[in-house]
Amino acid sequence: MINENIKNARKAKGISQEEMAAQLNVVRQTVSKWERGLSVPDADVLIRISDLLGVSVNDLLGVKLQDDTIVDLAEELAQLNEQLAVKNQEKNLFLQANKKEV
């Protein structure tokens, strides 16, 4: 998944989370969230990550192009964001339910 691909590419390049954050003008915690799968970078930042780490956006997304298939990166990111939103909503509902029981 994208989180592991970002983490592996960053480590392969020998860059710390803090160095990567500084290069991308974000805080280290943002990089950490990407790598833990708690959030995903938007399309613009994903392109900058790709440039910084020297890997393709497709590699970061884990997308394998076949023949003349064109991948719409915005659609891929929208799907990832939607999946993350559902995951976060489920987590929040679980936490709210636990608070009510206490």
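Keep in mind that what you see is a predicted model, and the values were worked out from it rather than measured. Position 1 is the first residue of the sequence; numbering continues from there.
Atom NZ in K91 sits 10.0 Å away from atom CG in L84 (nearest 0.5 Å). To the nearest 0.5 Å, atom CD of residue Q23 and atom CG of residue D51 are 11.5 Å apart. Going from atom CG of N8 over to atom CG of N3 covers 9.0 Å, rounded to the nearest 0.5 Å. From M20, atom CE reaches atom NZ of K7 across 12.5 Å, with rounding to the nearest 0.5 Å. Taken from CZ in R28 to CD in E19, the straight-line distance is 13.0 Å, to the nearest 0.5 Å. Q17 CD to K11 NZ: the interatomic distance, rounded to the nearest 0.5 Å, is 8.5 Å.
Using a 4.5 Å heavy-atom cutoff, the side chains of P41 and I6 are in contact. Side-chain contact check for L61 versus L46: some heavy-atom pair is nearer than 4.5 Å. Residues W34 and V26 are in side-chain contact: their nearest non-hydrogen atoms beyond the backbone lie under 4.5 Å apart. Contact annotation: the side chain of K13 never approaches that of V55 to less than 4.5 Å [non-hydrogen atoms, C-beta and beyond]. Between D59 and N5, every side-chain heavy-atom pair lies at or beyond the 4.5 Å cut-off.
Under the 4.5 Å side-chain heavy-atom criterion for Ile, Leu, Val, Met, Phe, Trp and Tyr, I2 and I47 are members of the same hydrophobic cluster. If you chain together hydrophobic residues whose side chains sit under 4.5 Å apart, L38 and M1 never meet in one group.
With hydrogens and angles ignored, the 3.5 Å screen pairs a side-chain donor or acceptor of R10 with a backbone N or O of I15.
L53 and A9 get closest at one heavy-atom pair: CD1-CB, 3.7 Å.
Counting non-hydrogen atoms of neighbouring residues, nucleotides and ligands closer than 6.0 angstrom, the CD atom of E18 reaches no more than 12 such neighbours.
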